[in-house]
Number of protein chains: 2
Amino acid sequence: MDQKKRSNCPVSCSLDIWGDKWSLLIVRDLLESQPCTYGDFLKAEEKIATNILATRLQMLEENGIITKSEHPDSKAKVLYQLTSKGIDLLPIIVEIGFWADKYYEIDKSKKAVLKEIKKGKELFVKTTIQRLNKEIVKNK
Amino acid sequence: MDQKKRSNCPVSCSLDIWGDKWSLLIVRDLLESQPCTYGDFLKAEEKIATNILATRLQMLEENGIITKSEHPDSKAKVLYQLTSKGIDLLPIIVEIGFWADKYYEIDKSKKAVLKEIKKGKELFVKTTIQRLNKEIVKNK
DNA sequence: CAGGATCCGTTTCGATACTG
DNA sequence: CAGTATCGAAACGGATCCTG
């Protein structure tokens, strides 16, 4: 909401997401399987605490990266999903993937996915962004 | 040094750098102007505290992202520069730049640079990585 | 029962003073 | 100039408790 006073450097602008471990993992979870519930995030293997999760979800919403909406079935469940702005983070996550793949032992299935993406990175990024954007509308 | 026990997810692997505000800024500074001294980092507009800077430089060195070396002129000065592994972070920083440019008001000069890069991203990344790698050897 | 607020001991941050 | 030491403030994170 209140745009923090910050330098005009691109990196500096985006520190809320990239300068925070948990925000990064939330974005990753959403890019992999939208939409997610509060409980879905808690299930992730990195074990985020409930209060930390709540503050990060709020921050990401205020920054226009994600939105909340009701679950069609039960009011109790809340669905979180990326906005277009959030979806546009995909190319960055993909590049992080390439880098990690080069220097660390990563999961074999993830490795295979990255290899496929590399063949046609531009196309993959473009079509995935389109797909995710379409899915937003569906759940409106 | 001691590879932390961590999930094999690419994002999870690289949390030391991307999950920490200061590490990210250090990498940015180095990509913009190698090599840097301790004092150079302190001069950056984000005002990092000396103890924080020290811990981050140590961590980045342990992770093989940067190296320390003596200044040719005076022993008192220490030069920090990226390794090849660190230089390979460039594509990620570039993507962050594109994203920030799309959604935030960024510095005009930076905006112009990004526009140029966009025209030939692949080439820019490739030649810049080559240039930086050559410069490492020079200062050995 | 899912989402999330509250409490509280522990860790980390970060500003400044200080040392080699 | 390149770092350590100190110390109050802030953030973490785990358990538990509320609320619809």
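Just so it is clear, the model here is predicted, and its values are computed rather than measured. Keep in mind that the numbers below use all heavy atoms, side chains included, and drop hydrogens, waters and symmetry copies. In the text below, chain A, chain B and the rest are named by the order of the sequence lines, each starting its count at 1.
Of all heavy-atom pairs between D101(A) and K111(A), the closest is OD1-NZ, 2.8 Å. What you find for K85(B) and W99(A) is that their closest heavy atoms are O-NE1, 3.0 Å.
You'll find a donor-acceptor pair under 3.5 Å spanning the side chain of N51(A) and the base of dG14(D), going by distance alone.
Proximity note for K77(B) (side chain, C-beta onward) versus dC12(D), dG13(D), dC1(D): the nearest is dC1(D).
Counting only distance, with no hydrogens or angles, the side chain of T83(B) and the backbone of G64(B) share a donor-acceptor pair below 3.5 Å. In terms of modelled atom types and a separation under 3.5 Å, the side chain of D107(A) and the main chain of S109(A) share a donor-acceptor contact. Of the possible donor and acceptor atoms, none in the side chain of E46(B) sits under 3.5 Å from a partner among the backbone N and O of S12(A). Listed for the K68(B) side chain is no donor-acceptor partner under 3.5 Å among the backbone atoms of L57(B). In this structure a side-chain-to-backbone donor-acceptor pair under 3.5 Å is missing from Y38(A) to Y80(A).
Extent of DNA chain C lying under 4.0 Å from chain B heavy atoms, first and last nucleotide in 5' to 3' order, is dC13(C) to dA17(C).
Remark: W22(A) is in phosphate contact with dG13(D), judged by side-chain N or O atoms under 4.0 Å from OP1 or OP2.
For K47(A), the NZ atom is densely surrounded, since the number of other residues' heavy atoms within 6.0 Å is greater than 12.
Atom-to-atom, CD1 of I52(A) to C1' of dT16(D) comes out at 16 Å; the value is rounded to the nearest Å. For the pair M59(B) CE and dG3(D) P, the interatomic distance rounds to 16 Å; values are reported in whole Å. Rounded to an integer number of Å, the gap from CD1 of I48(B) to C1' of dG3(D) is 13 Å. Rounded to an integer number of Å, the gap from R56(A) CZ to dG13(D) C1' is 11 Å. To the nearest angstrom, C1' of dA2(D) lies 14 Å from CD of E61(B). Atom-to-atom, NZ of K21(B) to P of dA11(D) comes out at 11 Å; the value is rounded to the nearest Å. The distance from atom CD of Q58(B) to atom C1' of dA2(D) is 14 Å, rounded to the nearest whole Å. When the C1' atom of dA15(D) is taken as reference, atom NZ of K47(A) falls 16 Å away, rounded to whole Å.
Heavy-atom distances under 4.0 Å link DNA chain C to T37(A), Y38(A), G39(A) of residues 36-44 of chain A, given in residue order.
Within the model, atoms CG of L82(A) and CG of D88(A) stand 10.0 Å from one another, a figure rounded to the nearest 0.5 Å.
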